[in-house]
Q: 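What follows is a single structure, and I will ask about it in a moment.
One is the number of the first residue; the rest follow in order along the sequence.
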Amino acid sequence: MTRLSIGLQMYTLRNETAEDFLGTLRKVAEMGYEGVEFAGYGGLDAKALRAELDALGLKAFSSHVSLARMLEAGDAEIEYALTLGCKHLVVPWLGEEKYATEEALAETCKQLDEIGATCAQRGIAFGYHNHSFELERKFGDKLMLDYIFDSAPANHLQVELDSCWVHNAGVDAAAYIGKYKGRIPLVHLKDMTRTDGKANTVELGKGEVDLLAIAKAAKEAGAEWLVVEQDVCQNPPLESVATSIEWLKSNGLR
């Protein structure tokens, strides 16, 4: 098996990109990240952004787009992503009203399936990214996250597993990754500590998550990218993502 590619979820550097979008991308490339997962494009034209990424040697492998945006302007989001050479579009979050009842969740799942079918027709993969709540709530005998993925075929809805939030929910993240072998192209690699029962995201190797087991499981499950993300940085964000990629390098993952 080949080594997984290493990407960065740009939400981690949201304050930096707000000040200097392209300059921040340049710094990410200089650190050794191979690709980026966007959470907004800084208002840039798709062709212009693609040219900048190509010049930096960065791949735009994925982008987080809200469910509301995909329902309202899915064609535009698909076209933008295709211009970037992006292979994945991912819904990163569901508001509570989308799963308040099983009826609401079933309707949400129908929407995800329909969007995924459209994406598949255009040659782009559509996925869903979890937090902890989908593994802390059941509908019938299924965890909510399993309910979501059971509601659509794999070619309509792929798994982007945030392994840290799986761990935070008390589920074995490495084992859970194996459950979706062949359907899980993207795995978020993230570390955390706990303070008074609250999760704090920290740089890779600074917390309690078994990152090496997760990376191994991701590779065995056929994942393509390990994605570094830190929701809230305890240190300056650019310093934090530099620390995390150095940990990956020191452990033979980059």
Q: Between Trp93 and His129, is the gap from one ring center to the other below 6.0 Å?
A: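 Aromatic pair excluded; centres sit 6.0 Å or further apart.
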Q: According to a 4.5 Å side-chain heavy-atom criterion applied to Ile, Leu, Val, Met, Phe, Trp and Tyr, with indirect links allowed, do Val202 and Ile245 form part of one hydrophobic cluster?
A: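 No; tracing contacts between hydrophobic side chains, which count when under 4.5 Å, never links both residues.
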Q: Are Lys249 and Glu246 within salt-bridge range, i.e. N to O under 4.0 Å?
A: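 Glu246 and Lys249: salt-bridged.
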Q: May I ask you to check whether Tyr99 and Phe139 place their ring centers less than 6.0 Å from one another?
A: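 Not close enough - the centres of the two rings lie 6.0 Å or further apart.
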Q: Search all heavy atoms of Arg50 against all heavy atoms of Gly85 and return the closest pair with its distance.
A: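 The answer is NH1-N, 3.3 Å.
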Q: Please examine the side chains of Phe126 and Gln158, heavy atoms only from C-beta on, and report whether any two atoms are closer than 4.5 Å.
A: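 The answer is no, as the side chains (C-beta and beyond) never meet within the 4.5 Å cut-off.
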Q: State whether Asp231 and Lys190 are salt-bridged, where the test is any N-O pair (Lys NZ or Arg NE/NH1/NH2 against Asp/Glu carboxylate O) under 4.0 Å.
A: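 Answer for the salt bridge query: yes.
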Q: Examine Leu49 and Tyr33 and state if one hydrophobic cluster contains both, with Ile, Leu, Val, Met, Phe, Trp and Tyr joined whenever side-chain heavy atoms are less than 4.5 Å apart.
A: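 Yes, same cluster.
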Q: I'd like to know if Arg26 and Asp20 make a salt bridge, using a cut-off of under 4.0 Å between side-chain N and carboxylate O.
A: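 Answer for the salt bridge query: no.
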Q: Give, for atom CG of Leu186 and atom CH2 of Trp225, the distance between the pair rounded to the nearest 0.5 Å.
A: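 Output value for this atom pair is 9.5 Å.
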Q: Please name the pair of heavy atoms, one in Glu97 and one in Ala104, separated by the smallest distance, quoted to 0.1 Å.
A: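 In this case the closest contact between Glu97 and Ala104 is O-CB, 3.6 Å.
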Q: Quick check: are there more than 12 heavy atoms from other residues, nucleotides or ligands sitting under 6.0 Å from NZ of Lys47?
A: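 No, not enclosed.
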Q: Are Met70 and Leu89 close enough that some pair of their side-chain heavy atoms sits under 4.5 Å apart?
A: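 With C-beta onward as the side chain, the pair touches.
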Q: Are a donor atom and an acceptor atom from the side chains of Glu114 and His156 found within less than 3.5 Å of each other?
A: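 Judged by distance alone, the side chains do not pair up.
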Q: Is Glu79 salt-bridged to Arg122, going by a charged N under 4.0 Å from an acidic O?
A: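 Between Arg122 and Glu79 there is a salt bridge, with a charged N closer than 4.0 Å to a carboxylate O.
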Q: Tell me the closest heavy-atom pair linking Gln230 and Thr12, and the distance in Å.
A: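 Smallest interatomic distance, heavy atoms only, reads N-OG1, 3.1 Å.
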Q: What's the spacing between Leu105 CG and Ser151 OG if we round to 0.5 Å?
A: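 So the CG of Leu105 and the OG of Ser151 are separated by 7.5 Å.
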Q: Could you tell me which non-hydrogen atom of Asp191 sits nearest to which non-hydrogen atom of Gly205, and how far apart they are?
A: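 Result for this residue pair: OD2-N, 3.0 Å.
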Q: For the ring pair His167 and His131, is the centre-to-centre distance below 6.0 Å?
A: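 For His167 and His131, the ring centres are not under 6.0 Å apart.
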Q: Please check if Tyr11 and Leu58 belong to a single hydrophobic cluster, counting links between Ile, Leu, Val, Met, Phe, Trp and Tyr side chain heavy atoms closer than 4.5 Å.
A: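 Tyr11 does not cluster with Leu58.
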Q: I'd like to check Met144 versus Phe133 (side-chain heavy atoms, cut-off strictly below 4.5 Å). Are they in contact?
A: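 Touching, per the 4.5 Å side-chain cut-off.
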Q: Assess whether side chain to side chain contact (heavy atoms under 4.5 Å, CB included) is satisfied between Leu204 and Leu189, documenting all intermediate values.
A: CA-CA 8 Å; Leu204 297 183; Leu189 196 66; 4.1 Å; yes
Q: As a test of understanding, state which of Ile115, Val65, Thr118, Thr83 forms a side chain to side chain contact (heavy atoms under 4.5 Å, CB included) with Ile78.
A: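 One option only clears the test, and that one is Thr118.
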Q: Would you say that Val227 contacts Ile6 through its side chain, given a criterion of any heavy-atom pair below 4.5 Å between the two side chains?
A: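 A side-chain contact under 4.5 Å is absent here.
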Q: Strictly by modelled atom types, are Tyr128 and Glu134 linked by a side-chain donor-acceptor pair under 3.5 Å?
A: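 Per modelled atom types, Tyr128 and Glu134 side chains form a pair under 3.5 Å.
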Q: Can a side-chain donor-acceptor contact be found between Glu203 and Ser240 if the only test is distance below 3.5 angstrom?
A: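 Side chains of Ser240 and Glu203: pair found under 3.5 Å.
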Q: Whether the Tyr176 and Asn130 side chains hold a donor-acceptor pair (N or O, under 3.5 Å, no angle test) is what I'd like checked.
A: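 No, because no side-chain N or O of Tyr176 sits under 3.5 Å from a partner of the opposite role on Asn130.
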Q: Taking all non-hydrogen atoms of both residues, which atom of Lys87 and which atom of Ile124 are closest, and how far apart?
A: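 Where Lys87 meets Ile124 most closely, the heavy atoms are O-CG1, 3.4 Å.
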Q: Inspect the contact between Glu34 and Arg254 and indicate whether a charged nitrogen and a carboxylate oxygen are less than 4.0 angstrom apart.
A: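 Yes, this pair counts.
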Q: Just how far is it from atom CG of Leu135 to atom CG of Asp162, taken to the nearest 0.5 Å?
A: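 Those atoms lie 10.0 Å apart.
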Q: I'd like to know if Lys181 pairs up with Glu220 as an ion pair, taking the criterion as any Lys NZ or Arg NE/NH1/NH2 lying under 4.0 Å from an Asp or Glu carboxylate oxygen.
A: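 Salt bridge: no.
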Q: Can Trp165 be reached from Leu145 by stepping across I, L, V, M, F, W or Y side chains whose heavy atoms are under 4.5 Å apart?
A: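 No; Trp165 is not reachable from Leu145 via cluster members.
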Q: Report the distance from atom CG of Asn235 to atom NZ of Lys206, rounding to the nearest 0.5 Å.
A: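 One gets 8.5 Å once the value is rounded to the nearest 0.5 Å.
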Q: Begin with the C-alpha distance, continue with both residues' side-chain angles, and end with the deciding distance and a verdict on side chain to side chain donor-acceptor pair (under 3.5 Å) for His188 and Glu37.
A: CA-CA 11 Å; His188 275 209; Glu37 181 175 50; 2.9 Å; yes
Q: Quick check for you: to the nearest 0.5 Å, what is the distance between Thr195 atom OG1 and Asn200 atom CG?
A: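 Here the interatomic distance stands at 4.0 Å.
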Q: Would you please test Asp146 and Tyr180 for side chain to side chain donor-acceptor pair (under 3.5 Å) and show each step?
A: CA-CA 10 Å; Asp146 294 323; Tyr180 286 101; 2.6 Å; yes
Q: Among the clusters formed by ILVMFWY side chains lying less than 4.5 Å apart, do Val232 and Leu13 turn up in the same one?
A: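 Not linked; separate clusters.
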Q: Would you indicate whether the side-chain heavy atoms of Met192 and Glu208 approach each other to under 4.5 Å?
A: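 Answer yes - side chains close enough.
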Q: How far apart are the closest heavy atoms of Ala223 and Leu4, and which atoms are they?
A: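 Between these two residues, the closest heavy atoms are O-CG, 3.8 Å.
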Q: Should we count NZ of Lys110 as having more than 12 external heavy atoms under 6.0 Å?
A: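 Not buried by this count: 12 neighbours or fewer within 6.0 Å.
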Q: Return the SG to CG distance between Cys109 and Leu94, rounded to the nearest 0.5 Å.
A: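 Separation between the atoms: 8.5 Å.
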